[in-house]
Each structure stands twice: as structure tokens, then as C-alpha cells.
Amino acid sequence: FDFIPAADSGQIEVEGELSQGSDLEVTTALVRRIEERMAEFDEIATMATTLGATSGIDTGTNLARIEATLVDRSRRRPNIIIAPDIAEALGDIPGARIAVNAVTDDGGGPGGAEVEVYLVGADSVTLTEFALRAVERMEEIPGLVNLDVSTRLGQPEIVLRPDRTV
């Protein structure tokens with residue numbers, strides 16, 4: 001059931017993440033493996049790769065993003081059907097988190113998860129433990145893909161609260 005049906009934009013995004021501290025050469029090797037497997041899909045016309053970032057906020061030598069543009073709609077399946085096939089083809093690449101998403105063209109911005117769950121609280125360690133347990137249980141549910149916890153070690157967050165009384 002979709003509240004807003006996905007509109008096929010003709011694009012698929014692939015994000016790759018290696019462990020913190022991985023250098024750009026290792027990330028480049030990962031990207032080459034991903035690109036080689038994606039090139040086997042006749043429905044992909046072009047690929048553009050960004051090394052060192054998955055967005056304007058998420059940067060690091062361990063990150064990469066590949067944007068694939070698909071051939072004309074008349075010559076391919078919908079991108080929401082192709083994306084899981086690409087995810088399956090990339091699923092056995094070891095040592096990396098790889099997320100594949102069909103980019104929708106529904107006015108709501110880039111594609112992404114159909115469902116996102118946010119956990120909020122003061123104790124980040126407990127939240128992370130709970131989130132990891134939740135992902136383990138969700139991995140047992142057929143059809144769920146790209147399960148991830150956004151907490152990353154080595155990226156602490158500092159919250160500043162100005163004292164406006166002085």
C-alpha cells in the first residue's frame with residue numbers, strides 16, 4: 001500500500017560505505033566492483049560516481065555514491081523493480097554497507113526508504129543498542145531491504161545550548 005504512488009524518475013542511487021578510516025583507494029576499489037556489476041544491467045544508460053561523500057552532510061574517504069540513469073521507459077522495467085535486482089547483485093560484496101534506492105519523481109525530493117523509523121532519547125548508547133536489535137529482527141522479514149542504523153562511530157554530535165541569561 002502506498003500513500004503516494006512512486007513516480008519513476010529513470011534514476012537509481014547506490015550508496016556505499018566502508019568502515020571509518022578506510023582510505024580513498026579502498027573506496028575506489030569498492031566503487032569499481034559496484035560499477036562492474038551494475039554495468040551488467042542493460043537498463044542502465046550511464047553512471048556518475050562521487051567519491052568521499054554520499055550527500056552534502058555525509059562526507060568521508062569511506063563513502064561513495066553512484067547515480068545511475070536508466071534507458072528510456074519504453075525499453076526497461078520501472079526503476080522500483082530494477083533497484084531490488086541491483087541490490088541483490090551487490091549483496092555479496094563483503095565489508096561494505098550498500099544501499100540501493102529508486103529515485104522517485106513525485107515532488108518529494110530524492111528517493112529513499114519507503115519507511116523510516118526514528119528513535120529519540122537522551123541515552124545514545126541505549127538507543128543504538130535498541131536500534132541494532134530492531135534491525136536484527138527486521139532482517140528476518142522477507143522483502144525488507146537496505147536496513148540500516150544511521151548511528152556512526154567516530155562522528156560524535158555536540159549540542160550547544162546558549163545561556164541567554166548572561
Side-chain angles (χ1 to χ4, degrees), residues 6 9-71 79-80 82-105 108-139 144-161:
S9 69
Q11 295 184 316
I12 292 176
E13 297 172 341
V14 178
E15 294 181 355
E17 178 180 355
L18 294 165
S19 60
Q20 287 284 342
S22 296
D23 63 32
L24 211 49
E25 289 179 13
V26 176
T27 306
T28 300
L30 169 68
V31 166
R32 286 192 177 126
R33 288 183 77 180
I34 292 171
E35 288 173 337
E36 286 172 6
R37 293 193 186 183
M38 290 177 66
E40 296 175 10
F41 286 83
D42 295 333
E43 294 157 308
I44 296 177
T46 62
M47 289 182 270
T49 300
T50 303
L51 287 169
T54 55
S55 70
I57 297 171
D58 295 321
T59 61
T61 56
N62 62 319
L63 301 174
R65 176 186 174 109
I66 301 169
E67 296 177 15
T69 301
L70 305 175
V71 298
N79 66 347
I80 61 171
I82 299 168
D85 290 348
I86 292 172
E88 185 176 337
L90 303 176
D92 66 343
I93 296 176
R97 289 182 197 221
I98 299 173
V100 181
N101 291 301
V103 178
T104 60
D105 194 15
E114 296 261 343
V115 175
E116 294 182 5
V117 177
Y118 293 91
L119 302 176
V120 180
D123 185 347
S124 63
V125 172
T126 301
L127 287 172
T128 300
E129 290 172 359
F130 181 80
L132 292 171
R133 284 197 315 262
V135 166
E136 283 178 11
R137 294 195 59 195
M138 287 189 280
E139 285 174 336
L144 295 184
V145 296
N146 295 335
L147 298 174
D148 189 23
V149 174
S150 63
T151 303
R152 301 292 184 259
L153 296 176
Q155 293 184 356
E157 180 178 300
I158 297 173
V159 177
L160 301 174
R161 292 189 177 92

(message) Minimum heavy-atom separation for A64 and T27, please, with both atom names.
(response) CB-CG2, 3.9 Å

(message) Using the side-chain contact (heavy atoms from CB on, under 4.5 Å) criterion, which residues pair with A96? Sequence neighbours excluded.
(response) L18, L30, I98

(message) Test: side-chain hydrogen bond (donor to acceptor under 3.5 Å, both in side chains). Region: residues 37-48. Which pairs qualify, not counting sequence neighbours?
(response) R37-D92, E43-R77

(request) For residues M47 and A68, report the shortest heavy-atom separation together with the two atoms involved. (result) CG-CB, 4.2 Å

(request) Please name all residues satisfying side chain to side chain donor-acceptor pair (under 3.5 Å) with S19, sequence neighbours left out, ordered by chain then number. (result) S22

(request) Provide the full list of salt bridge (Lys or Arg N to Asp or Glu O under 4.0 Å) pairs with a residue in residues 23-36, sequence neighbours left out, each pair given once. (result) none

(request) Find out whether L63 and E15 are in side-chain contact, i.e. whether some heavy atom of one side chain is under 4.5 Å from a heavy atom of the other. (result) no

(request) Can you see which heavy atom on A83 is nearest to which on A102, and at what distance? (result) CB-N, 3.9 Å

(request) Indicate the atoms forming the closest heavy-atom contact of V103 with S9, along with that distance. (result) O-OG, 2.5 Å

(message) To the nearest 0.5 Å, what is the distance between CG on L90 and CG on D85?
(response) 11.0 Å

(request) Any chance you could measure N101, atom CG, to I80, atom CD1, to the nearest 0.5 Å? (result) 12.0 Å

(request) Working to the nearest 0.5 Å, report the span between CG of N79 and CG of L70. (result) 6.0 Å

(request) Of all the heavy-atom pairs spanning L24 and T61, show the shortest one and how long it is. (result) CD1-O, 3.8 Å

(request) For residues T54 and E17, determine if any side-chain heavy atom of one lies less than 4.5 Å from a side-chain heavy atom of the other. (result) no

(request) Looking only at non-hydrogen atoms, find the nearest pair between V135 and V149 and report the distance. (result) CG2-CG2, 3.5 Å

(message) Just to verify, what does T126 make a side chain to side chain donor-acceptor pair (under 3.5 Å) with, not counting sequence neighbours?
(response) D123

(request) Taking the side chain as every heavy atom from C-beta outward, state whether I44 and I86 have any pair of such atoms under 4.5 Å apart. (result) yes

(message) The criterion is salt bridge (charged side-chain N to carboxylate O under 4.0 Å, His left out); which residues satisfy it with E67, sequence neighbours excluded?
(response) R65

